[in-house]
Each structure stands twice: as structure tokens, then as C-alpha cells.
Visitor: 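Right, I'll just put the structure down here and ask away after.
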Amino acid sequence: MRNLREINFSLFKPDLNLNEFKFPLIIKPRFGSGSRDTLVISTKNQLKNILKNEKFKQEDFLIEEFIDGVEYGIDAAVMDGKFNHILLREKLITPMPYRQAIAYISTDEIPSVSEYMQEIINKLNIDSALIHADIIITKDGKPFIIEIATRPSGHYLSKFIEITTGINPTKEWINHSLNLPYSLKPKFRKNTIIRYFDFEGDWIEADFALLKDSLGIIEYECNISSTLTKVVDGASIMSRGYAIIESNSKEQCLINAQELISNFKRKINE
């Protein structure tokens with residue numbers, strides 16, 4: 001069995017030998033969620049500046065080799081030690097140095113990823129649980145685990161999963177726990193995207209009622225009544241809202257999502 005993570009990493013500390021590192025690299029907290037304080041560091045000078053920042057001395061941080069590739073989220077269930085795929089979600093990510101997802105696009109199951117996840121389940125001895133995981137598929141096609149948690153996905157994704165697959169994993173797991181009829185097998189896999197609103201500044205929301213039918217907007221929530229800050233992590237984007245869009249292809253989902261974003265208007269200060 002392969003190792004879970006075949007990379008170089010170090011615990012962040014002020015006396016690091018900077019010559020030991022190959023750039024770019026990732027710095028992130030050992031504990032936490034929502035991409036908090038996760039940064040891509042491209043040069044030795046950037047790392048030197050980070051070393052001077054008191055924030056990065058107040059808790060444990062890891063420095064890891066940067067893995068280049070396409071990032072995905074995985075929703076699944078483990079039953080009696082067996083990995084059961086529910087949904088694979090390709091991520092759209094903020095520009096570097098931050099690593100926050102601004103959208104997820106539904107994607108067909110990739111058999112090599114499911115096989116890899118089964119290896120991880122075996123190695124971690126996970127018997128029965130809902131699973132949320134993040135992985136990268138590298139440029140040479142190899143899956144690489146970022147994190148795995150025995151919990152449902154957050155960030156409004158339960159609605160997205162139900163619209164895309166026809167099942168709500170959390171509800172089905174509750175039924176399973178109560179010895180009620182349940183099914184964790186997807187009924188279908190629709191072409192969908194969930195797009196969060198990653199604006200910065202003052203904006204007027206799009207007319208969702210007008211655009212709903214033409215853009216295939218299935219569900220939305222919008223809360224952008226105040227000045228929006230730069231998106232750097234989950235906490236800085238999640239309260240703003242989202243739109244879930246369904247179309248006939250991945251490409252059309254992306255087009256429709258961008259059309260929706262273009263219908264938000266920047267406020268003009270008089």
C-alpha cells in the first residue's frame with residue numbers, strides 16, 4: 001500500500017533553514033478549517049516575511065511541498081469499511097496566494113480516485129461514517145489527499161449534493177442510524193455548479209427572479225448588503241450566499257455562472 005502523503009513537510013519555526021525548501025510551498029495551520037491562514041509561498045523572501053509575522057508564531061503551522069494539479073471535493077459514505085462514492089466536485093479556487101474554493105462543479109466519479117480513497121479508509125481503519133475529503137489530481141494523474149474528515153460537507157453543500165444526486169447524505173445517515181429505510185446510492189448525477197459570491201467592495205445583487213429560468217438557477221441565497229472584504233478563506237465568503245445552477249453540460253454551467261456574476265453591479269459612490 002502506498003503512503004498516504006508522499007511529500008516533504010516541516011513544522012513552522014523561526015530558526016528554519018530556508019535553503020532546505022523548494023518553492024512554491026504551502027503554509028497552513030495544523031488545526032482549523034475553511035482554508036484559514038493557508039497561503040502559497042512562491043519565494044524565499046515571502047517566507048522570510050512570514051517568519052517575521054507574529055500571527056504565525058502564536059500557533060502551530062505546517063510548511064509543505066506545493067502539489068500542483070486540479071483540486072476536488074469528495075462526498076462519500078463508509079459502510080463496514082467500504083468506500084461508497086456519492087459525489088465528486090471540481091473546485092474553482094481563488095488566485096494565489098490564497099486557496100479558497102469559490103465554486104464547485106459536479107463531476108463524474110473517477111475510478112482511480114475511489115480506489116485511492118478505499119486505500120485511505122483501510123489505512124485509517126474507518127468503519128462506518130459519512131466522509132468529506134479534499135484531494136488534488138496531479139499533472140501526472142495521481143490522486144493526492146489534502147484532508148479527510150468523518151463528517152458531512154459544509155458550506156451549503158448538502159443542498160448542492162441533493163440537487164445533483166437526488167439524495168441528502170445527512171438525512172440518509174440519520175435514517176440508517178435509526179434503523180429506518182435509507183439509501184446512500186446517488187439516483188442520478190446532474191450537471192450543476194454552486195457558485196459563491198467572491199466580490200470585493202460594494203455591489204448591487206443581480207435580479208435572480210429575472211435570470212432564474214434563462215440561467216438554470218435552481219436555488220440561491222444572497223446577503224451582500226455591506227461592503228465586502230477580499231476573499232481569503234471560508235469565513236470571508238460563506239455568509240454572502242451562493243447560487244446553484246443546473247445546465248446540460250459542465251461548460252454551460254460555467255458559462256451561466258459567469259453570466260450571473262456579470263449581472264451584479266458595482267455601486268457608484270456619489
Side-chain angles (χ1 to χ4, degrees), residues 3-74 88-105 107 113 116 120 132-149 153-155 157 193-201 228-238 240 254 258 261:
N3 294 327
L4 289 185
R5 306 187 68 182
E6 299 172 337
I7 64 166
N8 297 317
F9 66 93
S10 300
L11 189 62
F12 180 92
K13 51 188 177 180
D15 60 349
L16 284 172
N17 181 356
L18 303 186
N19 294 321
E20 294 180 354
F21 295 100
K22 180 181 178 181
F23 295 88
L25 51 80
I26 289 272
I27 182 170
K28 64 182 183 181
R30 288 183 69 189
F31 308 101
S33 62
S35 300
R36 177 180 65 88
D37 291 328
T38 298
L39 298 172
V40 179
I41 308 298
S42 300
T43 67
K44 188 184 294 186
N45 284 337
Q46 288 178 351
L47 184 54
K48 285 180 179 178
N49 290 333
I50 289 292
L51 288 168
K52 297 174 185 176
N53 190 324
E54 290 298 321
K55 177 174 69 173
F56 293 95
K57 301 176 185 178
Q58 294 170 0
E59 63 176 299
D60 287 348
F61 279 79
L62 294 175
I63 296 178
E64 295 183 348
E65 178 184 345
F66 176 74
I67 304 299
D68 196 10
V70 180
E71 192 167 331
Y72 294 84
I74 296 172
L88 187 66
R89 300 173 272 105
E90 183 178 344
K91 298 185 183 184
L92 296 184
I93 305 286
T94 51
M96 290 194 289
Y98 304 105
R99 297 291 296 171
Q100 174 57 43
I102 61 171
Y104 292 98
I105 310 158
T107 304
V113 170
Y116 174 68
I120 292 171
H132 159 80
D134 292 315
I135 68 161
I136 291 173
I137 297 182
T138 64
K139 290 184 176 181
D140 59 359
K142 294 181 179 179
F144 172 85
I145 188 75
I146 302 173
E147 69 171 20
I148 184 171
S153 297
H155 295 185
L157 285 169
I193 184 171
I194 180 168
R195 182 65 159 87
Y196 307 106
F197 306 135
D198 59 324
F199 314 118
E200 183 178 357
L228 302 175
T229 59
K230 186 179 182 66
V231 170
V232 298
D233 55 23
S236 61
I237 195 173
M238 281 306 113
R240 305 167 180 220
L254 288 165
Q258 188 54 45
I261 296 300

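In this chain, residues are counted from 1 in sequence order.
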Visitor: List the steps and the verdict of side chain to side chain contact (heavy atoms under 4.5 Å, CB included) for Ile237 and Gln100.
Guide: CA-CA 9 Å; Ile237 195 173; Gln100 174 57 43; 4.0 Å; yes
Visitor: Please name all residues satisfying side chain to side chain contact (heavy atoms under 4.5 Å, CB included) with Met96, sequence neighbours left out, ordered by chain then number.
Guide: Val40, Phe66
Visitor: Roughly how far, to the nearest 0.5 Å, is CD1 of Ile137 from OG1 of Thr107?
Guide: 9.0 Å
Visitor: For side chain to side chain contact (heavy atoms under 4.5 Å, CB included), just list the numbers for Phe23 and Gln46, CA-CA rounded to whole Å, side-chain angles, deciding distance to a tenth of an Å, and then say yes or no.
Guide: CA-CA 10 Å; Phe23 295 88; Gln46 288 178 351; over 6 Å; no
Visitor: With rounding to the nearest 0.5 angstrom, report the CD1 to CG distance, Ile105 to Leu88.
Guide: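 Output value for this atom pair is 11.0 Å.
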Visitor: Working to the nearest 0.5 angstrom, can you tell me the gap between Ile102 CD1 and Thr94 OG1?
Guide: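 Answer rounded to 0.5 Å: 7.0 Å.
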Visitor: List the steps and the verdict of side chain to side chain contact (heavy atoms under 4.5 Å, CB included) for Tyr72 and Arg89.
Guide: CA-CA 5 Å; Tyr72 294 84; Arg89 300 173 272 105; over 6 Å; no
Visitor: To the nearest 0.5 Å, how far apart are CG in Asp233 and CE in Met238?
Guide: 9.5 Å
Visitor: Could you tell me which residues satisfy side chain to side chain contact (heavy atoms under 4.5 Å, CB included) with Glu71, sequence neighbours excluded, listed by chain and number?
Guide: Lys91, Ile93, Arg99, Ile136, Ile146
Visitor: I'd like to know if the side chain of Arg240 reaches the main chain of Phe199, judged simply by a donor and an acceptor atom lying under 3.5 Å from each other, with no hydrogens or angles considered.
Guide: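 Answer holds: yes.
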Visitor: Can you list everything that forms a salt bridge (charged side-chain N to carboxylate O under 4.0 Å, His left out) with Glu90? Sequence neighbours excluded, please.
Guide: Lys250
Visitor: Between Tyr196 and Gly234 (side chain of the first, backbone of the second, donor and acceptor by atom type, cut-off under 3.5 Å), is there such a pair?
Guide: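 Absent.
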Visitor: Contact between Tyr116 and Lys142 at the side-chain level, heavy atoms closer than 4.5 Å - yes or no?
Guide: no
Visitor: Would Glu147 and Ile135 count as a side chain to side chain contact (heavy atoms under 4.5 Å, CB included) if you check the C-alpha gap in whole Å, the side-chain angles of each, and the deciding distance to 0.1 Å?
Guide: CA-CA 7 Å; Glu147 69 171 20; Ile135 68 161; over 6 Å; no
Visitor: Under a 4.0 Å threshold between the charged nitrogen and the carboxylate oxygen, would Lys22 count as salt-bridged to Glu65?
Guide: no
Visitor: Within this structure, what is the CD1-CD1 distance for the pair Ile74 and Ile148, rounded to the nearest 0.5 Å?
Guide: 8.0 Å
Visitor: Any side-chain heavy atom of Leu254 sitting closer than 4.5 Å to one from Ile193?
Guide: yes
Visitor: Can any side-chain N or O of Thr43 pair as donor or acceptor with the backbone N or O of Ile41 at less than 3.5 Å?
Guide: no
Visitor: Give a yes or no on whether the backbone of Leu157 and the side-chain of Ser153 come within a donor-acceptor separation of less than 3.5 Å.
Guide: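 Answer holds: no.
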